[in-house]
Amino acid sequence: MATSPPATVTLTIDGQTVTVPTGTTVYQAARAAGIEIPIFCYHDRMPPLGACRMCLVKVEKMPKLQTSCTLPAAEGMVVDTRSAEVRAGQEAILEFLLINHPLDCPVCDKGGECPLQDQTLRWGPGRSRFVEAKRDFAKPVALGPVLVLDRERCILCWRCVRFGELIAGDHALKGFARGYASEINTPSAAPVESKFIGNTIAICPVGALTSRTYRFRARPWDNHPVASTCTHCGLGCAVWLDVRGGQVVRTRARELPAINDVWLCDLGFFGHDYVGAPDRLRTPLVRRHGRLEEATWDEALELVSARLAEAHARAPGRVAFLGGRRLANEDVVLATALFREVVGTPHLDHRTDVPAGSPSLEVAWGLRAPIDEIARGDVFVLVGCDLTEEYPVLWLRLKQAVDRGARLILLHARRPEIARWAHWTIVRPYDRLAQAVMDLRAAVSATRDSRVAARVGAAPRDAAAAALADAGGAVAAGGRVHVFVGRVALDGLSGRPILRAVADLAARVGGVVHVLRGRGNDIGAQRLGLVPAAGGWTAPEILERAGAGEVDVLYVAGADPATDAADAAVWRAARAGARFVVVHDPFLSPTAETADVVLPALVLPERDGTVMNLEGRVLGLRAAVAGPGQARADGEIFAQLAERLGAVLAPAVADELLARMRRLVPGFALDAVVPVDPVPVLPPLPAGEATGAGLDGEGVLVLPVDTLFTRGTMTGRCPGIAGLAGSPRCVVHPDDAARLGLVDGALVEVATAAGAVVLQVRISDETPSGQVLVPRRAEGAPVGRLLRWPQIAARGTVRAVLPAAAAGGGA
Ligand code: SF4
Ligand code: SF4
C-alpha cells in the first residue's frame with residue numbers, strides 16, 4: 001500500500017533547523033526562517049521559474065550550486081547560503097547582469113527602489129572586470145499609451161511575461177529571440193492590450209518597464225506614500241497614493257488579501273491625475289445674467305439657503321437631492337441629515353443612471369458574500385456582466401478559482417473578454433437574453449428532475465441548446481454556486497424576468513445571487529440611506545417630476561445626471577423644469593454647466609473618511625493632498641447650509657457622526673463587511689412578463705455597454721486613461737459591417753428614434769449580428785441620447801459618415 005508523504009520536512013539552512021510543509025522550496029524555507037537569499041525572477045504569487053539564477057545555494061552532497069527557488073526542501077537537507085562558493089556564484093551572476101545593464105540609475109524611475117541596485121550593494125562584487133561598451137538600443141519603446149520599455153535595462157527575469165500568462169491571463173507581453181538578443185514586446189508589436197499592465201511596471205525588478213505618465217516625475221525617496229482606497233469602479237482596491245510636492249504622482253497597489261491581494265487594474269494605476277488637473281473649480285460660481293460667475297462662499301451659501309428656505313416654506317417636497325457616487329460615507333450621512341431632517345424632503349436618491357421602472361431600483365446592490373468566500377466558489381454564472389470592463393480585479397479573484405477548477409458560465413448580449421476562460425459562453429442579442437436565462441434555469445431544473453431530464457436528454461439538440469443544457473448540468477451539480485447579475489441584465493424591461501429566473505435558479509441549488517451594480521461609493525450611499533424615504537421619489541422619478549415642474553430646488557452632489565441619465569431627454573426636461581439647480585462638483589461637469597450655483601468640492605483623495613465597497617466592506621480614505629483654492633468637502637458644505645437654515649446637523653460632530661452610521665448600518669466599523677439581504681424573488685408584472693423586452697421591429701438593436709476606460713469628467717483628465725480610452729467606438733458584427741459597407745475605424749452615425757451619436761466603428765464578432773454595441777459613457781456622446789425610458793436598448797440604424805482614412809482611424 002502506498003504511503004502518503006509526511007506533512008512536513010526538516011532541513012538545516014546556515015546551521016538553523018527549519019521545519020516547513022512538504023513541497024516548500026528551499027528559497028521559501030529560508031525566507032520563512034528569516035534568511036535572505038537574493039533573487040530577481042521569483043514573485044510569490046507565481047510558481048518559481050529559476051530564470052535569473054541569482055538564488056544560488058550550496059546543498060550538501062550535491063555537486064553544483066543549486067537555484068533555491070526551484071529546489072524542493074527535503075528531509076535532512078543541509079543548505080548553505082553564505083559560503084565563499086555561493087558568494088562567488090552570486091557575484092558572478094550579478095557581474096554578468098551588470099555587464100549588460102546600462103547603469104543609468106540617475107535617470108531611471110526605479111532608482112532608489114530597485115532590487116538590482118539593492119542586491120548589487122548587498123551581494124555584488126564591488127567592482128567589475130568588464131570594460132566592454134554597453135548595449136545601446138533606440139529607446140524608449142512605447143508599448144502603448146501607458147507603458148514604456150527601455151530594453152537595455154531588462155534583465156530577462158520574465159516576471160512581466162508570466163504575469164500576463166498566469167495572473168491576468170491576457171498574454172499581453174512576450175519574450176522574443178533567445179540569449180543575449182532576447183527582448184520583451186507585445187505579441188504582435190502593436191500597442192499592449194491589457195487592463196492590468198500597471199502591475200508589470202510594479203513587479204519589473206528594474207526600470208525596464210516604466211509608466212509613461214510617471215516617468216521622470218519623481219525620485220521614490222521624495223514621494224510620501226498615503227494609504228487609501230481606489231474609488232473608481234466600486235470594488236475598493238487598496239492603494240498607496242504617492243505624493244510629491246502636493247501632487248499625487250503615482251498610485252501603487254497596497255496589499256489587501258481580502259480584496260485586491262497585491263494587484264490593481266489600470267484604471268486604478270493611472271486614474272489619479274484628475275486630482276491635480278488645472279481646471280479644478282476653486283471658487284463658488286453663481287449664475288448672473290445667464291452666465292456662471294465667480295462668487296464668495298458667503299454669497300453662494302446665502303443664495304442656496306434662501307432658495308431652500310423658500311422651497312421649504314412652499315412645501316418641503318419641492319426640494320429633491322440627487323447624488324452619492326463621489327461622496328464619502330460621512331458626506332452621505334450629512335446630506336441625508338440636511339435634506340431629510342432640516343429641509344424635510346423625502347426625495348433623495350443616488351441611482352442617477354437607472355432608467356424608470358428598472359428592477360435595479362427594487363434590489364439592494366452589491367455582493368452577498370465577502371470576495372474571499374466567493375473566490376472559494378465552485379460554479380460562477382455571470383449574467384449580463386463583463387467583469388474586465390466593470391470590476392476588473394474581481395475577475396482576477398474569480399480567475400484564481402477558475403484556474404483551480406471552478407466552472408465559469410457566461411450569459412450576455414456580447415462575448416466578454418473573459419470568454420476564453422469560460423466553460424460555457426452563451427451570447428444572445430439583448431432582446432433574447434432573458435429567454436436564454438430562463439432556458440438555463442429550465443436546464444438546471446431538468447437536470448435535477450430525472451423525469452424531465454430523460455425527456456430533455458432524448459430531444460435532438462442544436463449546439464446552442466446543448467451548451468445551455470450542459471451549463472445547466474454544471475450548475476445543477478451543485479457545490480458553491482454564485483450567480484452574478486450585471487447592469488445589462490438588470491436595468492431594462494428584461495431585468496425583472498431575468499432576476500426572477502436567477503433567483504429561482506440559485507434557490508434550486510443553494511446558490512447565492514449577487515447584484516453587480518454601482519460605482520464609486522454607490523454602495524455606501526445606498527446602505528447609509530441615500531434612497532427615498534416613504535413617499536419619496538426615486539432618482540428617475542425625481543427627474544420626471546422636475547420635468548413636470550414639481551421641483552423648486554434640484555440639488556446634485558457627487559453625480560452627473562447630464563452625462564449618466566439613461567434618457568437624455570428626461571434630464572433636459574428636468575433641468576428646464578427645475579426652478580433652481582445647485583451642484584457640488586470638482587469640475588464644471590455637464591450638469592454643473594447648467595446649474596444656478598456650483599460649489600467647488602474636494603475629491604476623495606483630498607479628504608479623510610470612509611467608503612463602502614461592492615461587498616459592503618467599510619474602507620478608509622486618507623487626505624493625500626490639499627484641495628485647490630477654496631474647494632470644500634461636501635459634508636462641510638451640507639453642515640454650513642444647515643447652519644444658515646438655523647439648524648445644527650447633529651452628525652457634524654465626529655462622535656455623533658460615527659454613532660449615526662452605526663445606527664444606520666449596525667456593525668459599521670473600518671474593515672467590517674456590512675451584510676445585506678439576499679436578492680428577493682420579485683413578483684411578476686401584473687400583465688405577465690415580456691422576455692423579448694418589447695424591442696421588436698426593424699433596424700439594428702443598439703445596446704449600450706460599459707467600457708473600463710472612458711474620457712469622463714475625471715478620467716478624461718488623466719492622460720493615461722484618456723490614452724487607453726482612445727476614441728469611443730461602437731462595435732459592429734462583421735456581417736453587418738459588410739452589408740453596410742463599413743470598414744474598421746470609419747466614422748458612423750448610430751441613430752434611434754430618440755437621437756443620434758457619431759462614433760468610430762470597430763468590427764468584431766463579440767456582438768451578435770444585428771446588434772451594435774455603443775460605449776455607455778462616450779465622451780461628448782452620452783448614450784442617453786439614444787434611449788427612451790424604460791428601455792436600455794433601442795432599434796436604430798448605423799450609417800457611415802466618413803470612411804476610415806478620413807476619420808483618422810483604421811484597423
Ligand atoms: S521587462 Fe522587467 S519584468 Fe520584464 S523580463 Fe525584463 S526585467 Fe523582467
Ligand atoms: S478594480 Fe476597481 S477599485 Fe480596483 S483598481 Fe480597478 S478601478 Fe480601482
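Model, not experiment: these values are computed from the prediction. All ligand and atom numbering here is 1-based and tracks the order in the structure. Residues take their numbers from the sequence shown, with the count starting at 1.
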Which of the numbered atoms in ligand 1 are under 4.0 angstrom from any heavy atom belonging to [X]?
X	answer
Val206	7 (S)
Leu209	1 (S)
Trp158	5 (S), 8 (Fe)
Ala208	1 (S), 2 (Fe)

Please list the nearest protein heavy atom to [atom] with its residue and the distance rounded to 0.1 Å.
atom	answer
atom 2 (Fe) of ligand 1	Cys204 SG, 2.3 Å
atom 8 (Fe) of ligand 1	Cys157 SG, 2.4 Å
atom 7 (S) of ligand 1	Ile155 N, 3.4 Å

Between His232 and Tyr274, what is the ring plane arrangement, given parallel below 30°, perpendicular above 60°, and tilted in between? perpendicular

Q: Using the six-membered ring wherever Trp is involved, compare the ring planes of Phe380 and Phe484 and label them parallel, tilted or perpendicular (cut-offs 30° and 60°).
A: tilted

Got a salt bridge between [X] and [Y], using NZ or NE/NH1/NH2 to carboxylate O under 4.0 Å?
X	Y	answer
Glu615	Arg397	no
Asp403	Lys399	yes
Arg326	Asp331	no

Tell me whether the count of non-hydrogen atoms from other residues, nucleotides or ligands lying under 6.0 Å of [atom1] in [X] goes above 12.
X	atom1	answer
Arg53	CZ	no
Glu193	CD	no
Arg622	CZ	no

- Metal proximity, Cys160 vs atom 4 (Fe) of ligand 1, N/O/S cut-off 2.8 Å: yes

Going by the 4.0 angstrom heavy-atom rule, the piece of Cys154 near ligand 1 is both

Could you go through Asp522 and Arg325, starting from their C-alpha distance and side-chain angles, then the distance that decides it, and tell me whether this counts as salt bridge (Lys or Arg N to Asp or Glu O under 4.0 Å)? CA-CA 5 Å; Asp522 267 327; Arg325 181 171 301 151; 3.2 Å; yes

Subject >> Heavy-atom side-chain proximity of Pro47 to Leu166 below 4.5 angstrom >> reply: yes

Under 2.8 Å from atom 4 (Fe) of ligand 2, the protein N, O or S atoms found are Cys237 SG

